[in-house]
Asker: 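Handing you this structure, nothing more for now.
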Amino acid sequence: MRRELAPWLTGREVRSVDLLAPAGPKYAGLERLAGRLIEGVGRRGKFLLMPLSGGLELVAHLGMTGVIADHAPDARASTHLRVRVELSGGDPGTLFFSDPRRFGRFLVVDAGHYPTLPTLAALGPEPLGDDFTPAGLAAACARSTMPVKAYLLSQRPVAGVGNIYADEALWRAGVHPRTPAAWLGEDQVAALCAAIREVLAAAVAAQGTTLSDYRTVRGGTGEYARQLQAYGRAGEACPRCGTEMERSIVGQRGTTHCPTCQPAPRKTRRGA
DNA sequence: CGCATTTCCTGGTAGC
DNA sequence: TGCTACCAGGAAATGC
């Protein structure tokens, strides 16, 4: 989405903003948006970060069902339109933020100041950046007793891994989702680090994963759903070994894993 | 501080 | 057909 938004929005000025949702912390500060220049479109994890003139920043998060579009939602979806932003200059001249389930955010903050966004403030390294290394991931995991999947979902060891990509990366790495993070061996951490990079890079190349709601800015679908190996495939044969995939709940989230490729954790002595 | 639990929210669907 | 119950989950709030 960042790649679509950057060439469209960079350098444009905001003419006006309409908030169609009840005001609240998820839409804080939008009254400060009109008249600002959008200086660029960045991203950290699942947060879109748009620096604005005047030392401000527009922060957008899609939650589960949020959509940022360069075209108006159709009649049926229009009840979920939350924010409309009119831009100066050429077409498309309006940004639409829709969010049926209201888990998304679209707010203006002082640039780099995230007191109301603690996850963003404590976000781990970018998964496709140089800062995300096996050694760094190992050091983070060593500090946590959580099941490794729950720890990944916290956004602290690495940014941007949600439920779908956590299941995919753990399956690729052959790591059981319930393994306490601190129990992971060096080889497992390295495999997980590589798997997270591979899965996210492939998903970005496919423009994301559309299961039902997700749409690109221009209204297209993300095609990574066709490459999913684990997520949503409980009861089916593991693509690697043929064992029936199992469903469970880890960190309050539906989870699919292969009991053969991702064997249940057994505590072993480090360095043994 | 770290972690577990609860909350927010609505469309889709299973079951009757 | 129409009803109820339940499920999906990202991040914040709450509780310990």
Side-chain angles (χ1 to χ4, degrees), chain A residues 1-2 19-29 43-49 59-68 73-83 97-107 109 113-124 127 139-170 177-184 196 199-200 203 208-215 221-222 224-225 228 230-235 247-257:
Chain A
M1 291 198 72
R2 193 206 67 77
L19 176 60
L20 303 155
K26 290 179 176 178
Y27 300 100
R43 180 195 56 73
R44 281 281 285 126
K46 291 176 261 188
F47 294 86
L48 284 163
L49 304 173
V59 180
H61 193 297
L62 301 179
M64 287 179 64
T65 57
V67 170
I68 291 174
D74 63 26
R76 213 174 71 81
S78 63
T79 53
H80 305 307
L81 178 62
R82 310 296 178 197
V83 182
F97 178 68
S98 303
D99 185 21
R101 259 142 94 176
R102 306 184 196 227
F103 279 14
R105 279 145 225 274
F106 198 92
L107 65 161
V109 302
H113 239 232
Y114 310 124
T116 65
L117 298 161
T119 300
L120 176 56
L123 205 56
C141 286
R143 283 183 241 117
S144 176
T145 62
M146 296 172 81
V148 60
K149 176 173 173 178
Y151 189 44
L152 290 175
L153 294 181
S154 77
Q155 308 298 301
R156 280 175 290 158
V158 58
V161 177
N163 201 45
I164 294 173
Y165 301 131
D167 275 11
E168 292 300 304
L170 290 163
R178 217 181 284 276
T179 311
W183 289 16
L184 291 172
I196 288 168
V199 165
L200 289 179
T209 304
T210 298
L211 296 173
S212 58
D213 303 277
Y214 178 69
R215 292 293 182 277
T221 53
Y224 194 71
L228 294 176
Y231 177 86
R233 302 188 67 160
R247 184 190 152 79
S248 64
I249 301 292
V250 180
Q252 279 73 248
R253 296 292 168 247
T255 299
T256 304
H257 81 282

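Because only heavy atoms are used, hydrogens play no part in the values below, and waters and symmetry mates are left out as well, while side chains stay in. To find a chain, count down the sequence lines: A is the first, B the second, and so on, and within it residues start at 1.
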Asker: Determine the contact category for A:Arg82: base if any of its heavy atoms lies under 4.0 Å from a base atom, sugar-phosphate if only primed atoms, P, OP1 or OP2 are that close, otherwise nothing.
Answerer: nothing
Asker: If you measure from NE2 on A:His61 to OG1 on A:Thr119, what distance do you get to the nearest 0.5 Å?
Answerer: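 One gets 8.0 Å once the value is rounded to the nearest 0.5 Å.
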Asker: Distance check: side-chain N/O of A:Arg105 vs OP1/OP2 of C:dA11, anything under 4.0 Å?
Answerer: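 No, outside the criterion.
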Asker: Rounded to the nearest Å, what distance is computed from the NZ atom of residue A:Lys46 to the P atom of nucleotide C:dA11?
Answerer: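 To the nearest whole Å, that distance equals 4 Å.
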Asker: How long is the line joining CZ of A:Arg233 and P of C:dA8, in whole Å?
Answerer: 18 Å
Asker: Could you state the atom-to-atom distance from CZ of A:Arg101 to C1' of C:dC6 in whole Å?
Answerer: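 Answer to the nearest Å: 12 Å.
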Asker: Compare every heavy atom of A:Arg247 with every heavy atom of A:Ile249, then report the nearest pair and how far apart it is.
Answerer: CD1-NH2, 3.8 Å
Asker: Would you give the length of the straight line joining atom CG of A:Leu228 to atom OG1 of A:Thr256, rounded to the nearest 0.5 angstrom?
Answerer: 10.5 Å
Asker: Can you tell me the distance, in whole Å, between the NZ atom of A:Lys26 and the P atom of C:dA12?
Answerer: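 To the nearest whole Å, that distance equals 10 Å.
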Asker: For a quick test of reading the model: is some side-chain N or O of A:Ser212 closer than 4.0 Å to OP1 or OP2 of B:dG11?
Answerer: no
Asker: Tell me whether A:Asp167 is salt-bridged to A:Lys149, with the criterion being a basic N under 4.0 Å from an acidic carboxylate O.
Answerer: yes
Asker: By nearest nucleotide on DNA chain C, pick out whichever of A:Phe103 and A:Leu117 is the more 5' one.
Answerer: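 The residue closer to the strand's 5' end, by nearest nucleotide, is A:Phe103.
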Asker: Taking only side-chain nitrogens and oxygens of A:Thr145, does any of them come within less than 4.0 Å of OP1 or OP2 of B:dC3?
Answerer: yes
Asker: Just the rounded figure in Å: distance from C1' of C:dA13 to CD of A:Gln252.
Answerer: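 The distance from CD of A:Gln252 to C1' of C:dA13 comes to 14 Å, rounded to the nearest Å.
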Asker: A:Gln155 side chain N/O closer than 4.0 Å to the phosphate oxygens (OP1, OP2) of C:dG10?
Answerer: no
Asker: May I ask you to verify if any side-chain N or O of A:Tyr231 is less than 4.0 angstrom from the OP1 or OP2 atom of C:dG9?
Answerer: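 Yes, within the criterion.
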Asker: Specify the separation, in whole Å, of atom CG of A:Leu123 and atom C1' of C:dG10.
Answerer: 12 Å
Asker: Please give, in whole Å, the distance from C:dA8 P to A:Leu228 CG?
Answerer: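 Taking atom P of C:dA8 as the reference, CG of A:Leu228 is at 16 Å.
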Asker: Let's see if you can work this out: which of C:dC7, C:dG10, B:dA4 has an atom nearest to the side-chain heavy atoms of A:Arg253?
Answerer: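 The listed nucleotide nearest to A:Arg253's side chain is C:dG10.
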Asker: OP1, OP2 of B:dC3 versus side-chain N and O of A:Arg156: anything below 4.0 Å?
Answerer: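 For B:dC3, OP1/OP2 do have a side-chain N/O of A:Arg156 under 4.0 Å.
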Asker: Give one of base, sugar-phosphate or nothing for A:Arg102, where a contact means two heavy atoms less than 4.0 Å apart.
Answerer: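 Since only primed, P, OP1 and OP2 atoms lie under 4.0 Å of A:Arg102, the category is sugar-phosphate.
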Asker: For DNA chain C, whose closest nucleotide is more 5', that of A:Pro118 or that of A:Met64?
Answerer: A:Met64
Asker: Would you say A:His80 reaches B:dG11's phosphate, i.e. side-chain N/O to OP1/OP2 under 4.0 Å?
Answerer: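 Answer yes for this pair, as a side-chain N or O of A:His80 is under 4.0 Å from OP1 or OP2.
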Asker: Counting only N and O atoms by type, is there a donor-acceptor contact under 3.5 Å from the side chain of A:Gln155 to the main-chain atoms of A:Gly124?
Answerer: no
Asker: Has the side chain of A:Tyr151 got a donor or acceptor atom that lies under 3.5 Å from a matching backbone atom of A:Ala140?
Answerer: yes
Asker: So A:Gly251, base contact, sugar-phosphate only, or nothing? Heavy-atom distance under 4.0 Å.
Answerer: nothing
Asker: For the pair made of CG in A:Leu211 and P in B:dT10, what is the distance, rounded to whole Å?
Answerer: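 Going from CG in A:Leu211 over to P in B:dT10 covers 21 Å.
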